[in-house]
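Scroll down for the structure; my scribbles are underneath it.
FYI, the numbering just counts along the sequence from 1.
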Amino acid sequence: MPATALEGIIAYPVTPFSRTDGSPDLGRLAELIDRLIASGCHAIAPLGSTGESAYLDDREWFDVTEAAVSAVAGRVPAVVGIADLTTRSAVRRARYAEHVGADVVMVLPLSYWKLDEREITRHYEEVAGAIGIPLMVYNNPATAGVDLPPELLHRLVDRVENITMVKESSGDIQRMHRLAQLSDGALPFYNGSNPLALEAFAAGAAGWCTAAPCVVPELTLELYRAVRSGDLDAARQVFYRQLPVLQFLLGGGLPTTVKAGLALRGLDVGEPRHPLLPLDEERTKQLAGLLAEAGADR
């Protein structure tokens, strides 16, 4: 299995939609990815929750995957998000992501019926066994309806060869400490909870998986550089500058708020797909004010 170095700021692009017919705007997606890479982001992760993957049909999902990986063009790692109710569909999408050149797949288990540990393990074993690239296990109980405790995450990494990393988005910093304990610090884990960015890096997170660079790339990259240089005072200062923006983005639903933020920063990526609605005028003004206060409105 090829090794993939994954660390730093892993940026989540939105999926732009055409204002004419509502289809994915692949040209505008490529433009956004270029902006994220130019800003210094260390990896690009299309088709997560921010990318509205749940609202794409099969053909759209395949088109966006291919377009995103093509736009990344090997400049940084491409991490394709996969979230499906069925193992069969997850396998199909993982194979396609590998086929078009993804470096990593990030797999989130979805649940209609409550899944037990045996079923979760089998799901990941089948997806991982169908591909030859690394797999990142993604825990996000708020959106997936499945909670993967640290002990299970560690067992999956220990048991399956190409499951090599974990994204933890429960919002509980103690889970990151537990992952570090269980693996003696050897397991690469990634923070997916924006308000925990500073604490997660302090706990040993290898990276921060976030849509924030779409809106405040300067601040997310500055935080990472401060952490890596060991300048805790600078890290705290830049984190608290961006924290109100991070809280706003998360609290308003990422596709909606990030698309509004991108428009404020000069890139029109269309509206989120229904049933999601665009940010209203009052809250758009609020976001503009937060960006100005953070010094990220230029």
Side-chain angles (χ1 to χ4, degrees), residues 12 15 45-62 64-65 79-99 102 104-131 133-176 178-179 182 187 189-193 196 209 211 250-251 253-256 272-277:
Y12 284 70
T15 298
L47 294 164
S49 303
T50 304
E52 296 179 75
S53 59
Y55 302 119
L56 302 178
D57 64 31
D58 268 359
R59 184 67 265 159
E60 290 174 330
W61 191 93
F62 290 128
V64 170
T65 298
V79 183
V80 173
I82 295 169
D84 267 289
L85 283 170
T86 69
T87 302
R88 179 181 180 180
S89 183
V91 164
R92 185 165 57 96
R93 293 189 174 195
R95 283 175 170 162
Y96 188 79
E98 180 179 27
H99 171 70
V104 177
V105 292
M106 180 185 68
V107 179
L108 176 72
L110 297 179
S111 176
Y112 180 84
W113 298 107
K114 184 176 176 61
L115 302 178
D116 63 23
E117 183 173 319
R118 179 177 59 95
E119 291 164 331
I120 293 167
T121 299
R122 180 62 179 268
H123 178 75
Y124 275 107
E125 287 176 337
E126 289 192 26
V127 177
I131 56 176
I133 57 177
L135 185 154
M136 176 189 290
V137 181
Y138 178 16
N139 183 44
N140 191 342
T143 59
V146 180
D147 191 8
L148 311 177
E151 291 76 15
L152 174 55
L153 293 169
H154 182 256
R155 282 194 293 273
L156 286 169
V157 173
D158 191 53
R159 178 171 175 168
V160 183
E161 180 182 2
N162 60 326
I163 298 180
T164 60
M165 55 194 106
V166 169
K167 176 185 174 186
E168 226 305 312
S169 297
S170 68
D172 181 357
I173 192 66
Q174 296 304 320
R175 294 190 176 210
M176 297 185 197
R178 184 61 176 150
L179 287 170
L182 289 167
L187 171 60
F189 63 88
Y190 303 82
N191 170 49
S193 178
L196 287 184
C209 299
L250 187 61
L254 288 170
T256 296
R273 182 165 277 181
H274 296 170
L276 301 179
L277 293 174

- What's the shortest heavy-atom distance between Y138 and S169, and which atoms? CE1-OG, 3.3 Å

- Nearest heavy-atom pair of L148 and E168: which atoms, and what distance? O-OE2, 4.5 Å

- M176 side chain near N191 side chain, heavy-atom distance below 4.5 Å: yes

- Message: Among L156, L115, V160, which residue satisfies the side chain to side chain contact (heavy atoms under 4.5 Å, CB included) criterion with T121?
- Response: L156

- Message: Quick check for you: to the nearest 0.5 Å, what is the distance between H274 atom NE2 and Y55 atom OH?
- Response: 11.5 Å

- Smallest heavy-atom separation, L179 atom then P150 atom, equals CD2-O, 3.8 Å

- Does the side chain of L153 come within less than 4.5 Å of F189's, by heavy atoms? no

- Task: Could you give me the CA-CA distance, side-chain angles and deciding distance for D84 and L110, then say whether side chain to side chain contact (heavy atoms under 4.5 Å, CB included) is met?
- Result: CA-CA 6 Å; D84 267 289; L110 297 179; 5.5 Å; no

- Query: Roughly how far apart are M106 CE and C209 SG, rounded to 0.5 Å?
  - Reply: 6.5 Å

- Query: Closest approach of A144 and P109, non-hydrogen atoms and distance?
  - Reply: CB-O, 3.1 Å

- Within a strict 4.5 Å, meaning less than it, do heavy atoms of the V157 and V166 side chains meet? yes

- Query: Does some side-chain heavy atom of H123 sit less than 4.5 Å from a side-chain heavy atom of I120?
  - Reply: no

- Message: Under 4.0 Å between a side-chain nitrogen and a carboxylate oxygen: does that hold for R178 and E151?
- Response: yes

- CG of D58 to OG of S89: how many Å apart, nearest 0.5 Å? 6.0 Å

- N162 side chain to L135 main-chain N or O, any donor-acceptor pair under 3.5 Å? no

- Message: Quick one: does any side-chain atom of E119 pair with a main-chain N or O of D116 as donor and acceptor, under 3.5 Å?
- Response: yes

- Give the minimum heavy-atom separation between L196 and D172, together with the two atoms involved. CD1-N, 4.0 Å

- Task: Start with the C-alpha gap between L47 and V64, add the side-chain angles, then the distance that decides, and say whether side chain to side chain contact (heavy atoms under 4.5 Å, CB included) holds.
- Result: CA-CA 8 Å; L47 294 164; V64 170; 3.8 Å; yes

- Between T50 and Y12, what is the shortest heavy-atom contact and its length? CG2-O, 4.0 Å

- Nearest 0.5 Å, what's the OG1-CH2 distance between T15 and W61? 11.0 Å

- Item | Residue pair R92 / F62, side-chain heavy-atom distance below 4.5 Å | yes

- Query: Considering only heavy atoms from C-beta outward, does the side chain of T65 approach that of Y96 to under 4.5 Å?
  - Reply: yes

- Item | From OG (S170) to CG (N140), nearest 0.5 Å | 8.5 Å

- Of I163, I82, V107, which is the lone residue that meets side chain to side chain contact (heavy atoms under 4.5 Å, CB included) with V127? V107

- Any side-chain heavy atom of R175 sitting closer than 4.5 Å to one from D147? yes

- Just wondering, do V104 and M165 contact through their side chains at under 4.5 Å, heavy atoms? yes

- Task: Nearest 0.5 Å please: distance from the CG atom of L187 over to the CG atom of D158.
- Result: 10.0 Å

- Message: If we ignore hydrogens and angles and just use 3.5 Å, is the side chain of E52 paired with the main-chain N or O of R273 as donor and acceptor?
- Response: yes

